[in-house]
Amino acid sequence: MAEFQSPTDLVHNRGLIADPAVFAKEAGAASWLYLCGEQFAAMEGGMSFTDVQSAVPESVNLIADPPRAFDMDVARQGVAALDKLPRPTLVTCRTGPRSSALVYLYAGLRSGASANDVLARAEADGAPFTEAEPLKAWLVQGLAELS
């Protein structure tokens with residue numbers, strides 16, 4: 001098997017998104033998987049699903065932000081949504097850890113890569129989830145259970 005490569009058709013955020021339309025345009029996005037609920041829109045620096053819908057032709061809202069559990073149900077729903085959305089696809093959460101974990105989980109599942117290979121690539125890429133042990137464990141569990 002070839003070495004696991006960085007995902008190229010899925011883009012996650014690395015911090016708050018100042019302007020959803022600009023973020024989508026710069027990425028050339030055809031779709032967006034948004035992992036936040038409406039309460040995020042009321043927070044400083046937040047945005048709403050309506051903002052997301054205005055920025056891209058197709059979007060899905062999978063509410064998976066705290067205090068909701070980021071569990072295997074979220075993984076299954078996220079993978080199913082990503083299977084249907086056209087590329088390139090944005091995957092965003094509040095600041096990037098959860099969205100990056102989902103992007104690397106999806107790419108790892110679709111390529112058949114090992115958890116070690118996916119984690120090594122994510123760490124080399126500086127993916128935000130690699131700073132959170134629970135998200136690394138979530139990815140490893142997802143690769144084992146969903147493959």
ILVMFWY cluster, [X] and [Y] together (side-chain gap under 4.5 Å):
{"X": "Phe49", "Y": "Val60", "answer": "no"}
{"X": "Val140", "Y": "Val79", "answer": "yes"}
{"X": "Ile17", "Y": "Leu33", "answer": "no"}
{"X": "Leu16", "Y": "Val103", "answer": "no"}
{"X": "Leu135", "Y": "Val11", "answer": "no"}

So, the side chain of [X] versus the backbone of [Y]: is there a donor-acceptor pair under 3.5 Å, distance only?
{"X": "Arg76", "Y": "Met72", "result": "yes"}
{"X": "Asn13", "Y": "Cys93", "result": "yes"}
{"X": "Arg98", "Y": "Ala64", "result": "yes"}
{"X": "Ser111", "Y": "Phe4", "result": "no"}
{"X": "Gln5", "Y": "Glu3", "result": "yes"}
{"X": "Asp125", "Y": "Ala127", "result": "no"}
{"X": "Arg68", "Y": "Asp65", "result": "yes"}

Distance (rounded to the nearest 0.5 Å) between [X] [atom1] and [Y] [atom2]:
{"X": "Thr130", "Y": "Arg121", "atom1": "OG1", "atom2": "CZ", "result": "12.5 Å"}
{"X": "Tyr104", "Y": "Ser6", "atom1": "OH", "atom2": "OG", "result": "4.5 Å"}
{"X": "Leu119", "Y": "Leu143", "atom1": "CG", "atom2": "CG", "result": "7.5 Å"}
{"X": "Leu105", "Y": "Ser100", "atom1": "CG", "atom2": "OG", "result": "11.0 Å"}
{"X": "Asp51", "Y": "Ser59", "atom1": "CG", "atom2": "OG", "result": "11.0 Å"}
{"X": "Asp9", "Y": "Leu85", "atom1": "CG", "atom2": "CG", "result": "11.0 Å"}

Set of ring-ring contact (aromatic ring centres under 6.0 Å, His included) partners for Phe70, sequence neighbours left out:
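Scan of Phe70 (ring-ring contact (aromatic ring centres under 6.0 Å, His included), adjacent residues dropped) gives Trp138.
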Contacts of Tyr106 that satisfy ring-ring contact (aromatic ring centres under 6.0 Å, His included) - sequence neighbours left out:
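Tyr106: no ring-ring contact (aromatic ring centres under 6.0 Å, His included) contacts found.
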Measure across [X] and [Y] and return the closest heavy-atom pair with its distance rounded to 0.1 Å.
{"X": "Phe40", "Y": "Gly45", "value": "CZ-O, 4.0 Å"}
{"X": "Pro57", "Y": "Ala29", "value": "CD-O, 4.3 Å"}
{"X": "Leu90", "Y": "Ala27", "value": "CD2-CB, 3.6 Å"}
{"X": "Ala24", "Y": "Ala55", "value": "CB-O, 3.7 Å"}
{"X": "Leu62", "Y": "Gly78", "value": "CD2-N, 3.6 Å"}
{"X": "Ala113", "Y": "Val118", "value": "CB-CG2, 3.7 Å"}

Validation row: Leu35, Leu102 side chains within 4.5 angstrom (heavy atoms):
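Side chain of Leu35 against side chain of Leu102, heavy atoms only: contact under 4.5 Å found.
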Check: Pro97 and Thr95 side chains under 4.5 Å, non-hydrogen atoms
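A side-chain contact exists here, since the closest heavy-atom pair is under 4.5 Å.
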Evaluate the side chain to side chain contact (heavy atoms under 4.5 Å, CB included) criterion for residues Met47 and Asp19: first the C-alpha distance (whole Å), next the side-chain angles of each, then the deciding distance (0.1 Å), finally the verdict.
CA-CA 9 Å; Met47 65 182 187; Asp19 185 328; over 6 Å; no
Of the options Gln141, Glu123, Glu131, which is the one that meets Lys136 in a side chain to side chain donor-acceptor pair (under 3.5 Å)?
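Considering Gln141, Glu123, Glu131, a side chain to side chain donor-acceptor pair (under 3.5 Å) with Lys136 is found only for Glu123.
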After noting the C-alpha distance and the side-chain angles of Val91 and Leu82, does the key distance pass the side chain to side chain contact (heavy atoms under 4.5 Å, CB included) rule?
CA-CA 9 Å; Val91 182; Leu82 289 171; 3.8 Å; yes
Applying side chain to side chain donor-acceptor pair (under 3.5 Å), which residue pairs with at least one partner in residues 31-41 are found, sequence neighbours left out?
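Listed by first then second residue: Ser31-Thr89, Trp32-Thr92.
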